[in-house]
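Note that the coordinates shown come from a computational prediction; the quantities given were computed from them, not determined experimentally. Counting begins at 1 with the first residue of the sequence.
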Amino acid sequence: MNSTTSSNGSEESVQGVFLLGLIIIDFVFATIIMTANSFLFFTIYRDPCRCLRTPNVFLIANLSLADFFMGFVSFLRGFELTYRYRGLEELLIVNITQYFIGAVSILAAVSTLLVMSYDRYVAVIKPFEYPLKVTNTRAKIFIFGIWTSALVFSVLPVSDVRRETFLLAYCYSHFVIPSFLLTTIYVKIYKTISLQREELRNVRASLTAGSRRQQLERENRMVMAFMMILLIF
């Protein structure tokens, strides 16, 4: 009897330590994520030269906004785990808010990554058409559409849509289709960059060739930066 009581007590102690560790991790991550993204928003907003008012910066800021909300979700999860740690009943509103914001943010982040990849695709494949195809206005329209579609998609579970249908659509929209499109886009981008570099090697050194080479290097660095963002996400 005593051994059973002692065993139950040790299990509860281990579970308590585990929950406490999760609470600390959630609050630490929430603080870091929300603070870092807030600094990015402030930098873009207070940019004195307004040189950060470009389509790709708007898209990066939008991805940062989705990440900021994920930091808030981490904060809510830590708050929810604190209730469990104290033996209190979980708040339903906190649980619903956590999952709703998380679903909206993930879908918005995935959609933003797709638009960012298209932005790099146009910049590399059709550099002379880039200023006409990718503008600040179109970037803002895309951002509005991203959040609107994410909000609409996230309320489907509380509508008449079957759970199996929703999960299937969620899987395809969040993983299958984005993975296929991102892989295809970046393979095409790197093939084009390789071909353009090969062409420049065969061109006599000139001001035009040098300028084009610098542009290619700049686009290559931008693509690598977006690849890092994709891997981190």
Side-chain angles (χ1 to χ4, degrees), residues 24-80 94 97-124 130-131 133-155 170 173-175 177-179 181-183 185-186 189 218-233:
I24 294 174
I25 291 174
D26 275 327
F27 281 129
V28 168
F29 270 100
T31 302
I32 294 174
I33 292 172
M34 296 175 71
T35 302
N37 287 289
S38 296
F39 276 122
L40 177 61
F41 299 148
F42 181 78
T43 301
I44 296 174
Y45 177 75
R46 298 290 296 178
D47 175 29
C49 302
R50 302 183 67 85
C51 56
L52 297 179
R53 303 295 197 274
T54 61
N56 48 26
V57 173
F58 285 144
L59 293 173
I60 291 174
N62 191 58
L63 183 63
S64 180
L65 179 62
D67 194 40
F68 177 88
F69 282 126
M70 289 305 299
F72 184 67
V73 169
S74 183
F75 174 80
L76 291 177
R77 187 169 56 243
F79 186 76
E80 184 181 24
V94 174
T97 304
Q98 170 189 334
Y99 283 102
F100 178 75
I101 296 178
V104 173
S105 301
I106 291 175
L107 184 56
V110 171
S111 301
T112 303
L113 285 172
L114 289 173
V115 177
M116 290 170 64
S117 300
Y118 173 76
D119 171 82
R120 290 301 90 202
Y121 177 83
V122 176
V124 173
Y130 179 81
K133 287 182 173 292
V134 183
T135 63
N136 287 348
T137 301
R138 289 185 178 180
K140 293 175 182 178
I141 292 174
F142 272 116
I143 290 172
F144 177 78
I146 284 170
W147 287 100
T148 302
S149 62
L151 287 170
V152 171
F153 190 90
S154 298
V155 298
Y170 189 90
S173 63
H174 284 68
F175 179 73
I177 295 177
S179 298
L181 290 178
L182 289 172
T183 302
I185 288 173
Y186 280 103
I189 287 174
R218 183 170 61 253
E219 296 298 342
N220 189 37
R221 288 194 297 268
M222 185 70 74
V223 169
M224 291 300 298
F226 282 176
M227 283 294 293
M228 288 300 299
I229 293 173
L230 178 62
L231 290 174
I232 292 172
F233 171 78

- Message: Applying side chain to side chain contact (heavy atoms under 4.5 Å, CB included), can you list everything that pairs with T54, at least two apart in sequence or on another chain?
- Response: N56, V57
- V73 and F69, any side-chain heavy atoms less than 4.5 Å apart: no
- Query: So does F41 have more than 12 non-hydrogen atoms from other groups sitting under 6.0 Å from CZ?
  - Reply: yes
- Query: side chain to side chain contact (heavy atoms under 4.5 Å, CB included) with Y121: which residues, sequence neighbours excluded?
  - Reply: I125, I185, K188, I189
- Task: List in chain and number order the residues that pass side chain to side chain donor-acceptor pair (under 3.5 Å) with S111, two or more places apart in sequence or in another chain; answer none if no residue qualifies.
- Result: none
- Task: Supply the atom-to-atom distance L63 CG to L40 CG, rounded to the nearest 0.5 angstrom.
- Result: 9.5 Å
- Item | Closest contact, heavy atoms only, T112 versus A108 | OG1-O, 2.6 Å
- Pairing residues for Q98 by the side chain to side chain donor-acceptor pair (under 3.5 Å) criterion, not counting sequence neighbours: none
Mind listing the side-chain donor-acceptor pairs of residues 25-33 below 3.5 Å, one per line with the distance, residues two or more places apart or on another chain?
residue	atom	partner	partner atom	Å
D26	OD1	S74	OG	3.3
D26	OD1	R77	NE	3.2
D26	OD1	R77	NH2	2.9
D26	OD2	R77	NE	3.3
T31	OG1	F27	O	2.8

- Query: Taking only residues two or more places apart in sequence, or in another chain, which ones meet L114 in a side chain to side chain contact (heavy atoms under 4.5 Å, CB included)?
  - Reply: P178, L181, L182
- Item | Residue list, side chain to side chain donor-acceptor pair (under 3.5 Å) with D67, at least two apart or on another chain | N37
- If you measure from CH2 on W147 to CG on L107, what distance do you get to the nearest 0.5 Å? 9.5 Å
- Nearest heavy-atom contact between M70 and S105 is SD-CB, 3.6 Å
- Message: Counting neighbours of OH on Y130 that are heavy atoms of other residues, nucleotides or ligands and sit closer than 6.0 Å, is the number greater than 12?
- Response: yes
- Message: So, using side chain to side chain contact (heavy atoms under 4.5 Å, CB included) as the criterion, who are the partners of F100 when residues are at least two apart?
- Response: V104, L151, S154, V155
- How many angstroms lie between CD1 in I143 and CG in L65, if you round to the nearest 0.5 Å? 9.0 Å
- Item | Those residues that, when tested against T97, pass side chain to side chain donor-acceptor pair (under 3.5 Å) (two or more places apart) | none
- Message: With a 3.5 Å distance limit and no angle check, can you tell me whether S64 reaches the backbone of I60 through a side-chain donor-acceptor pair?
- Response: no
Side-chain donor-acceptor pairs of residues 133-142 under 3.5 Å, sequence neighbours excluded:
residue	atom	partner	partner atom	Å
T135	OG1	R138	N	3.3
N136	ND2	R53	O	3.1
R138	NH1	K133	O	2.9

